[in-house]
**Student:** 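I'd like to ask you about the structure that follows.
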Amino acid sequence: MSIHNLTLNADVMAEFNNIFASYGLDLARYKPAFIKRRLDRRMRILNISDYSEYSHTLKDNRKEFEEIFASLSINVTNFFRDSTVFDRFQLSILPKILSDLGGSGKIRVWSAGCASGEEPYSIAMMFKQAIGKLPNLEVEIIANDVNKIAIQFAQRGRYPAKSVESLPPTIISNNFQKRTTDNNTEYEVVQAIKDMVTFKVGDILSDAMQSFDVIFCRNVLIYYEKEAQELIFTKFYKGLKDSGYMVLGMDETMFGRRCQKLFNPLMARERIYQKVLQQNN
Ligand SMILES: C[S@@+](CC[C@H](N)C(=O)[O-])C[C@H]1O[C@@H](n2cnc3c(N)ncnc32)[C@H](O)[C@@H]1O
């Protein structure tokens, strides 16, 4: 039987879920078709044609476990990903946040599903540029991800030259320090930017964090079933301050009529939303 025809039934799913749950990855809420594609790809590479055999392989083979874990938690990202979103945020939303604060106070931002750190560092760079001359304003960015390896990489803050090559030269010179060792060149995020971001290993579905002015959750929800997405939107609603902002990925839409009542689309193309205050709040 070809792998394509194998069924990912409830027992098999439970087996894989047990393996990943202790590492903070809750597969139960992922779209089954997405999980199947990822498992099948690795099984084809290893020439394994049975899910049960593959689940045993994962218990014994650390390297393979890391491969599939990374594949399931997909952490592809880059600095200023979809730069038009950052441009529009900087132009239209950020000045509003600053003016609402009246020149002093703390701005809290959550980068939910931050992968290897490029997103929260980009947010820090954008805010730093905007508040550089306002000494009484502080920006605190909390960035979390289920993938411990991605968080460790993010905390180190060192990126290969390729990661920064398409950034404007001023962004590079203001925010990175070039490090060359032997034949290897890396760009390290400067300490002032690192200090703005706190990284945590954590699951959006179980972490309860509050009082944010903005939540960025980009290119994370696409892998989740509708019910999980609704749960996450409800969490974000509670996690935002009154009239706070939520930014999704360019390919993500908000499901469900209930959720649509919670947020107002401010910039439809860039997926920038604002929390709607409910009458009974
Ligand atoms: C494709 S990356 C997106 C990174 C970044 N937000 C961006 O748009 O460039 C998706 C990240 O979401 C993380 N992720 C998936 N489910 C998560 C959850 N429930 N809680 C926290 N992080 C999650 C994955 O580990 C992965 O690093």
Side-chain angles (χ1 to χ4, degrees), residues 16-17 19-32 34-35 37-38 65-89 109-126 141-157 159 162-164 166-167 189 197-209 212 214-236 238-239 245-253 269-273:
F16 282 109
N17 215 8
I19 297 174
F20 293 109
S22 52
Y23 291 84
L25 193 65
D26 183 3
L27 286 187
R29 297 183 184 276
Y30 273 34
K31 290 177 183 160
F34 164 74
I35 300 172
R37 273 199 309 276
R38 300 282 144 180
F65 175 84
E66 281 169 10
E67 278 285 345
I68 190 70
F69 188 87
S71 165
L72 284 166
S73 67
I74 308 195
N75 32 44
V76 174
T77 183
N78 47 50
F79 286 105
F80 295 93
R81 181 176 194 173
D82 304 318
S83 59
T84 54
V85 176
F86 282 89
D87 292 345
R88 291 216 63 194
F89 188 91
V109 183
W110 179 7
S111 169
C114 65
S116 40
E118 288 86 333
E119 177 179 276
Y121 284 138
S122 302
I123 297 167
M125 292 170 199
M126 174 177 70
I141 300 162
I142 310 290
N144 74 336
D145 201 286
V146 278
N147 190 324
K148 189 174 158 199
I149 297 162
I151 290 292
Q152 283 169 346
F153 185 95
Q155 281 168 326
R156 194 163 170 263
Y159 296 88
K162 207 172 170 346
S163 297
V164 302
S166 59
L167 295 177
V189 174
V197 186
T198 303
F199 288 101
K200 293 180 177 184
V201 179
D203 189 337
I204 302 166
L205 285 150
S206 50
D207 279 3
M209 297 201 278
F212 289 98
V214 194
I215 298 176
F216 285 79
C217 184
R218 306 177 64 219
N219 309 297
V220 177
L221 299 174
I222 27 173
Y223 312 113
Y224 283 98
E225 297 268 47
K226 189 171 161 246
E227 290 71 26
Q229 294 194 5
E230 286 185 354
L231 183 69
I232 292 170
F233 287 135
T234 311
K235 261 180 190 290
F236 288 167
K238 290 184 188 149
Y245 300 91
M246 177 178 77
V247 187
L248 302 180
M250 294 280 273
D251 296 322
E252 290 166 325
T253 41
R269 193 174 168 276
E270 288 77 16
R271 306 292 199 264
I272 301 178
Y273 299 82

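Quick note: residue numbers are just sequence positions, from 1. First listed ligand is number 1; within each ligand, the first listed atom is number 1.
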**Student:** So is there a nitrogen or oxygen of Asn75 less than 3.5 Å from a nitrogen or oxygen in ligand 1?
**Tutor:** no
**Student:** Atom 23 (C) of ligand 1: which protein heavy atom is closest, and how many Å away?
**Tutor:**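 Looking only at protein heavy atoms, the one closest to atom 23 (C) of ligand 1 is Val146 CG2, 3.6 Å.
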**Student:** Within a distance under 4.0 Å of any heavy atom of Val76, pick out the atoms of ligand 1 and give their elements.
**Tutor:**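 Selected atoms, number and element: 1 (C), 2 (S), 3 (C).
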**Student:** Looking only at non-hydrogen atoms, which of Asn78, Asp82, Asp145 approaches atom 27 (O) of ligand 1 most closely?
**Tutor:**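 Looking at heavy atoms only, the winner is Asp145.
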**Student:** Could you check if a side-chain atom of Tyr30 sits within less than 4.5 angstrom of a side-chain atom of Tyr224, using non-hydrogen atoms only?
**Tutor:** yes
**Student:** For the 3.5 Å polar cut-off, considering only N or O atoms, please tell me whether Asn144 and ligand 1 meet it.
**Tutor:** no
**Student:** State whether the shortest distance between N or O atoms of Val220 and N or O atoms of ligand 1 falls below 3.5 angstrom.
**Tutor:** no
**Student:** Hey, could you give me the CZ/CD1 distance between Arg88 and Ile272, rounded to the nearest 0.5 Å?
**Tutor:**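 Rounded to the nearest 0.5 Å, the CZ-CD1 separation comes to 7.0 Å.
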**Student:** With a 6.0 Å cut-off on the ring centroids, do Tyr159 and Phe153 count as close?
**Tutor:**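 Tyr159 vs Phe153: aromatic centres under 6.0 Å.
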**Student:** Relative to the ring of Phe216, is the ring of Phe89 parallel (under 30°), tilted (30 to 60°) or perpendicular (over 60°)?
**Tutor:** tilted
**Student:** Who's the nearest protein heavy-atom neighbour of atom 20 (N) of ligand 1, and how far?
**Tutor:**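 Answer, as residue, atom name and distance: Ile204 N, 2.9 Å.
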**Student:** Check whether any side-chain heavy atom of Arg218 sits under 4.5 Å from a side-chain heavy atom of Val247, and report yes or no.
**Tutor:** yes
**Student:** Quick check against the 3.5 Å criterion: does Ser111 have a side-chain atom that pairs as donor or acceptor with the backbone of Ala143?
**Tutor:** no
**Student:** Could you identify the single nearest non-hydrogen protein atom to atom 16 (N) of ligand 1 and state the distance to 0.1 Å?
**Tutor:**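 Protein heavy atom with the smallest distance to atom 16 (N) of ligand 1: Tyr224 OH, 2.7 Å.
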**Student:** For atom 2 (S) of ligand 1, what's the nearest protein heavy atom and its distance?
**Tutor:**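 Nearest protein contact, heavy atoms only, for atom 2 (S) of ligand 1 is Ile74 O, 3.2 Å.
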**Student:** Would Asp145 and Asn75 count as having a side-chain donor-acceptor pair, cut-off 3.5 Å?
**Tutor:** no
**Student:** I'd like to know whether Asp207 forms a salt bridge (Lys or Arg N to Asp or Glu O under 4.0 Å) with Lys200, so could you lay out the CA-CA distance, the side-chain angles of the two residues, the decisive distance to 0.1 Å, and finally the verdict.
**Tutor:** CA-CA 10 Å; Asp207 279 3; Lys200 293 180 177 184; over 6 Å; no
**Student:** Going by the order shown, which atoms of ligand 1 are within less than 4.0 Å of some heavy atom of Asn219?
**Tutor:** 1 (C), 2 (S), 3 (C), 7 (C), 8 (O), 10 (C)
**Student:** Check each heavy atom of Phe79 against ligand 1 and say whether those closer than 4.0 Å belong to the side chain, the backbone, both or neither.
**Tutor:**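 Neither part.
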**Student:** Would you say Cys217 touches ligand 1, if touching means a heavy atom closer than 4.0 Å?
**Tutor:**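 The answer is no, since Cys217 has no heavy atom less than 4.0 Å from ligand 1.
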**Student:** For atom 9 (O) of ligand 1, what's the nearest protein heavy atom and its distance?
**Tutor:**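 That would be Thr77 OG1, 2.5 Å.
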**Student:** Check each heavy atom of Arg218 against ligand 1 and say whether those closer than 4.0 Å belong to the side chain, the backbone, both or neither.
**Tutor:**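 The answer is both, backbone and side chain.
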**Student:** In terms of atom number and element, which parts of ligand 1 are under 4.0 angstrom from non-hydrogen atoms of Glu119?
**Tutor:**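 Matching atoms, with element in brackets: 5 (C), 6 (N), 7 (C), 8 (O).
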**Student:** Report the relative orientation of the aromatic rings in Phe65 and Phe20; use parallel for angles under 30°, tilted for 30 to 60°, perpendicular for over 60°.
**Tutor:** parallel
**Student:** Starting from atom 26 (C) of ligand 1, locate the nearest protein heavy atom and write down its residue, its atom name and how far away it is, to 0.1 Å.
**Tutor:** Ser73 O, 2.8 Å
**Student:** Could you pull out the closest heavy-atom pair between Met250 and Val85, with the gap in Å?
**Tutor:**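 Closest heavy-atom pair between Met250 and Val85: SD-CG2, 3.5 Å.
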**Student:** Atoms of ligand 1 less than 4.0 Å from Asp203 heavy atoms?
**Tutor:** 18 (C), 19 (N), 20 (N)
**Student:** Quick one: does Phe236's side chain get under 4.5 Å of Ile204's, heavy atoms only?
**Tutor:**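 Result yes, sub-4.5 Å side-chain heavy-atom pair found.
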**Student:** Any heavy atom of Tyr30 sitting closer than 4.0 Å to ligand 1?
**Tutor:**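 It does, in that a heavy atom of Tyr30 comes within the 4.0 Å cut-off of ligand 1.
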**Student:** Nearest heavy atom to atom 21 (C) of ligand 1: which of Ala115, Gly202, Ala112 does it belong to?
**Tutor:** Gly202
**Student:** Where is the nearest protein heavy atom to atom 7 (C) of ligand 1: which residue, which atom, and how far?
**Tutor:**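 Closest protein heavy atom to atom 7 (C) of ligand 1: Arg81 NH1, 3.2 Å.
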**Student:** With heavy-atom distances below 4.5 Å as the criterion, would you say the side chains of Phe199 and Pro120 are in contact?
**Tutor:** yes
**Student:** Quick one: nearest non-hydrogen protein atom to atom 4 (C) of ligand 1, plus distance?
**Tutor:** Gly113 O, 3.3 Å
**Student:** Do the non-hydrogen side-chain atoms of Leu248 and Phe233 ever get within less than 4.5 Å of each other?
**Tutor:** yes
